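Heads up, the thing below is written out as structure tokens.
Quick caveat, the model's predicted, so the values are computed rather than measured. So you know, we letter chains A, B, ... as the sequences are listed, proteins then strands, and number each from 1.
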Amino acid sequence: MEFFQKLYSHTNENLESDNTVVCSECDGTDMIVDPSRGERVCANCGLVIESRIIDQSQEWRAYNSEEENDRARVGSPANNMIADYGLRTHISNISFDANGTRLTSEKRYEFTRLSRLDNRSRQGEIRNLRIALKELQRIKSQLELPEGIGQSASLIYRRALKKDLVRGRSIDGIIAASVYLACRTAGIPFTLKDIQPACSNISPKELGRSVRILIRDLNLRPANNDFISLIHRLGEQLELNMEARNLATVIIERAKQAGITVGKNPMSVSAAALYIAGVKTGQRRTQLDMAAAAKTTPVTIRNRFKELTEILDLEPIKIKRGPATSVLQKYFA
DNA sequence: ATGGTTTTTACTGCGTC
DNA sequence: GACGCGGTAAAAACCAT
């Protein structure tokens, strides 16, 4: 008996005695439970009575009653971005047992078969989710989105799945729309044009349609892309300082009051305001650069910019013609 | 489907470097 | 001549009805 206690002494503080079972080999009643190996062993003869016991002890320590209540859990937190919330079983493809002895081919076959059955039992209803969440991961990493966006996008998708909105439509389209809506609700200034290229085989049209379906059927009320975040996004891209950005926000405020922003692409209006602000603060960017950053055309920039100067009665802007410094040249030279 | 609105496409000439 | 800019007309895309 001392021998086996000594054998398991590496788990000294967790070592427990358990007298509820009887050893089938020697009729001994003293059992040793080793949580680190997940085994219950007869203290007398060392027979492993039970293996793969679940460790029910806590992985944390509570320092007050609040923590005691708060932290009652085992395992990692449930993760929305995994189809089964991370609560899965896994039977690995092993060829050795815990002692390092090679398994017989029959045993190995049995485990392979178990593993296959275990996997198969998890397919079916969550197969859709697995595909969708895999695509979500891909989009998320391609757009370098923060973790929270992935989580809320997967929540949106789960709701859509529950409401049977995915049937008959493409999984990729709905998940892309979920990402877009997650960005919108989180205030990340991404447009459809930003999301679409990161999607696989989803046309801009389909993406837009999917988004509208989700908004309608899930009663989502995403905030509009506000001009301020758009301005800062463009300003970052075009390397315009805070002075220019602040000026642009002032211009936008007055444009809003004048009511010339409704129905227009917010990106275009922001870019035009930023263009004016850039010129005024001595950081002129070419209209082509503005257009490229705003994913529109110089003509549209001109139209918005003209509107802004005219209706807002800004001081006429004297633009010195000739080559201007192109930020983009730096990257494509 | 339709009509109104915005955006894009394509093309022009002008001024500066 | 290359480049940036202003303007225009027509086509295309968009959106609410």
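Rounding to whole angstrom units, CD1 of residue Ile260(A) and P of dT5(B) are separated by 17 Å. Atoms CG (Leu207(A)) and P (dC14(C)) sit 12 Å apart, rounded to a whole Å. With rounding to whole Å, Asn303(A) atom CG is found 13 Å from dC5(C) atom C1'. The nearest whole Å value for the distance from the CZ atom in Arg212(A) to the P atom in dC15(C) is 6 Å. For Lys306(A) and dT8(C), the NZ to P distance is 6 Å, given to the nearest whole Å. Glu307(A) has its CD atom 15 Å from the P atom of dG6(C), to the nearest Å. Between Arg304(A) atom CZ and dT7(B) atom C1' the separation is 8 Å, expressed in whole Å. Whole-Å rounding puts the Arg302(A) CZ to dT6(B) P distance at 18 Å.
Dashed line: the shortest gap from a side-chain N or O of Thr300(A) to OP1 or OP2 of dT8(B) is under 4.0 Å. Residue Tyr275(A) places no side-chain N or O under 4.0 Å from the OP1 or OP2 atom of dG4(C). Arg284(A) has a side-chain polar atom (N or O) that falls below the 4.0 Å cut-off from OP1 or OP2 of dC5(C). OP1 and OP2 of dT9(B) both lie 4.0 Å or more from every side-chain N or O belonging to Thr297(A).
Under 4.0 Å is where a charged nitrogen must lie from a carboxylate oxygen, and between Glu135(A) and Arg138(A) at least one such pair does. Salt bridge status for Arg169(A) with Glu206(A): absent, with no side-chain N to carboxylate O gap under 4.0 Å. The pair Arg212(A)-Asp217(A) does not meet the salt-bridge criterion, since no charged nitrogen lies less than 4.0 angstrom from a carboxylate oxygen.
When the nucleotides dT7(B), dG6(C), dT8(C) are ranked by their closest atom to the side chain of Gln287(A), dG6(C) comes out on top. For Phe305(A), counting side-chain heavy atoms from C-beta on, the closest listed nucleotide (dT9(B), dT7(B), dG6(C)) is dG6(C).
The structure places CZ of Phe305(A) at 6.0 Å from CD of Gln287(A), a figure rounded to the nearest 0.5 Å.
Using a distance-only test at 3.5 Å, with no hydrogens or angles considered, no donor-acceptor pair links the side chain of Lys264(A) to the main chain of Arg304(A).
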